[in-house]
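Chain letters run A, B, ... following the sequence lines, proteins first, then strands; residues in each count from 1.
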Amino acid sequence: MKRCLTLILAMVMLSSLFLSATAQEDTSLKDILDNGKLILGLDASFPPMGFVDADTGEIVGFDIDLAREVCARLGVELVTQPIDWAAKEMELNAHHIDCIWNGMTITPDRLENMSISLPYLRNDQVLVTRTEDGYGNLSDLAGKKLGIQAGSSANDALDAAEDFKASLGEVVPFDENLTALMDLNQGGLDMVLVDVIVANYYMAVNDYPFTVLDESLAPEEYGIGFRRGDTALCNKVNELLLDMREDGTLAKISEEWFGKDITIIGEAE
Amino acid sequence: MKYFNNPDRLVSLLWQLWQGLGVTMSLFGFTLLFSLPLGLALALLRMSRHKALRLPVQLFILVMRGTPLILQVFTVYFVLPMIFGAAFERLTAVVIAFVMNYAAYFAEIYRGGVQAVPVGQREAAHVLGFTRSQAFMRIILPQVIKRIVLPVSNEVITLVKDTALVTAVGMVELYRVARNAASTVGSLEPLFIAGAVYLLINAVVSFLFNRVNRYFSYYQG
Amino acid sequence: MLQAENITKRYADNKVLRGVSLRVDRGEVVAVIGPSGSGKSTLLRCLIDLERVDGGRIMVGGETLVDSQAGGYAGKAALRRVILKMGFVFQSFNLFPHLTVLRNVTEAQERVLKRSKREARERAIEVLDKVGLSDKASEYPYMLSGGQQQRVAIARALAMDPQMLCFDEPTSALDPLLTMEVLRVIKGLAEEDRTMLVVTHEMAFAREVADRVVFMKEGTVRCEGTPEEVFDHPEVRAFSSQAPKP
């Protein structure tokens, strides 16, 4: 179903690119300030970046806290808008949301279609295995079964690691990271390729007997996505994030969620 | 078991599911409210003697029944605003798509029901001097209703499950709430709880339709 | 009362009626007999606008239903007036299954003749009494036997106070026992000096009750006259000898 969705959305998106307005004056920042709110689009099932608190039912997360701080500094209200992840560019271009801020991996394709902020978090696609199996490095995993979330950036990472991918016995797609990890726990898989941040979250929540391999696949970075022409808004957000780094707010939020400062705003490549 | 010994959390989940259910129910309610009469109108046009009325409706029904509902939802929500400039609110957009889709299905059900009424009924009405519209309202339509109770109930049950589709345009209805909760707590329990709610809804729907069916058994033939 | 001249009708290549003329005077009972496919039912249905003729003239009670040489069919209002002059009883009864027997008889009175509820009800009970079914007024059609249903159908037609009654093979769908009770009712009506046109297979009944008999075959009238005259006709004798004796 998800693949079918993506196909349909790709078609719709293509047509939207042809129909969208040509270059005009960039009023993106002004519009947000005038409206008094920034609409943040997210898939609220991506802990710990953006998810639904089980006890309060509120949308919370690292990205939410960052966004709330940025909005406070802009003097606007933060509005969270759940969307379907596969439709994120469409929602953005249709002006239903103003930004995508949900642990979004920066990829060449996305750079072409959106204005993306400075990278703010490094993410690694890591291999999670059962501790008892005692796997040490990539070569140990030859011929084994790998679980992966369909349509996620983990797939790009896997494709980039051609040799490793070729060495695998089977690649099994899942709709959710959670179900992939559950299958790993049951023994249906030998490993799962997933964002290290997500892996750590579920390992903590469920006390899974897993080990994350040291050797990771392509490292990636998270960024905030804006509409292609909204450079004014994007630049302003970058500015504010750099401010937050300077005065330590960024580090504080990171420590709350991850126990330490793992943000990378403004670091040289 | 993430909810078993955590009643507060369970209550919170149930409250979220309740709100998601509200979204599901309003979509369900609005769709039925508008598509049932619209379907009748379409059926009448479809049976019209004038080609100018009949053919466009035939085409509409063909397209609505022949393409996936999810695609229709996307078209209304994403594509129409691009062409016409105005954007629809999420609920409005999905209601529009759902109403058009289900009206097409109901139209064919109505038409089947009307055609199943024996021609002798129309003839009897004719010789007694009823006008066409009198005959339709007083003689034909009441007999149609009895015949279509079962097919309509099937569509209604399908509708309950179709409401989960709107998760694709970011609406947080029952299924989506459950999925989010599952991601947060790291277990599939919320999905099963949501499944129980769907089952409950459909049980109520089935029960109501059985009552309706029994009511119409006051006569046979 | 009723005058049909030179009626022609075709279904695709099949000439069902080839220039049929028929006359029914006030107070007369006319029986139309003939083999299947002779067009007698079609003719009857044309008289009440259930079918449309290709050519010919039909006049009922002085009003024109259709005149193919002078304007074709009458307008809606005139059509309704003509239809209401006649009561029609179908071979398959065609009662309204979702209404009680009483409502079957009152519905058209109220909607078409605009009678008050009370008026319609009184008249309904009157006619149901006449056909011997007033005790079944609150039952639904499916609960009744075929003969009872047909009698209700007759009552339904009578309640509209038509000037003339038409019967399209009223007993053909009934077994012999039920046939008797319906024929008895029709005979009773004939004795009241009503104008009636009956298409039927029941030879003995036609002979007994009709003032005039019309014999049709292959879309034309082969002979007509008093029962004695017609039943003596060689063609009719050939036809009736094939029919089972009552």
Gap between atom OG1 of A:T56 and atom CZ of B:R9 - 0.5 Å precision: 10.0 Å
Of the backbone (N, CA, C, O) and the side chain (C-beta and beyond), which part of A:E91 lies under 4.5 Å from a heavy atom of chain B, both, or neither? both
Most heavy-atom pairs under 4.5 Å with chain A, out of B:Q16, B:M171, B:R90, belong to B:R90
So which heavy atom on A:S45 is nearest to which on B:R179, and how close? OG-NH2, 3.9 Å
Assign the ring pair A:H96 / B:F78 to parallel, tilted or perpendicular, where the plane angle (0 to 90°) is split at 30° and 60°. perpendicular
Side-chain heavy-atom pair A:D43, B:R176 within 4.5 angstrom cut-off: yes
Residue pair B:V169 / A:M90, side-chain heavy-atom distance below 4.5 Å: no
Looking at A:N177, A:D55, A:D53, which one has more heavy-atom pairs under 4.5 Å with chain B than the rest? A:D55
Please check if the number of heavy atoms outside B:E89 that lie under 6.0 Å from its CD is greater than 12. no
Does B:R132 CZ have over 12 foreign heavy atoms under 6.0 Å away? no
Considering non-hydrogen atoms only, spot the tightest contact between B:L188 and A:L178 and give its length. CD2-CD2, 4.3 Å
Looking at B:Y175, I want to see if its OH is surrounded by more than 12 non-hydrogen atoms of other residues, nucleotides or ligands under 6.0 Å. no
May I ask you to decide if A:V52's main-chain N or O and B:T184's side chain share a donor-acceptor pair within less than 3.5 Å? yes
Please state whether the side chain, the backbone, both or neither of B:V172 comes within less than 4.5 Å of a heavy atom of chain A. side chain
Interchain contact, B:T75 with chain A, by part (heavy-atom threshold 4.5 Å): neither
How would you list, in number order, the residues of residues 30-51 of chain B that have a heavy atom less than 4.5 Å from chain A? none
Any side-chain to backbone donor/acceptor pair from B:S183 onto A:F46? Under 3.5 Å, distance only. no
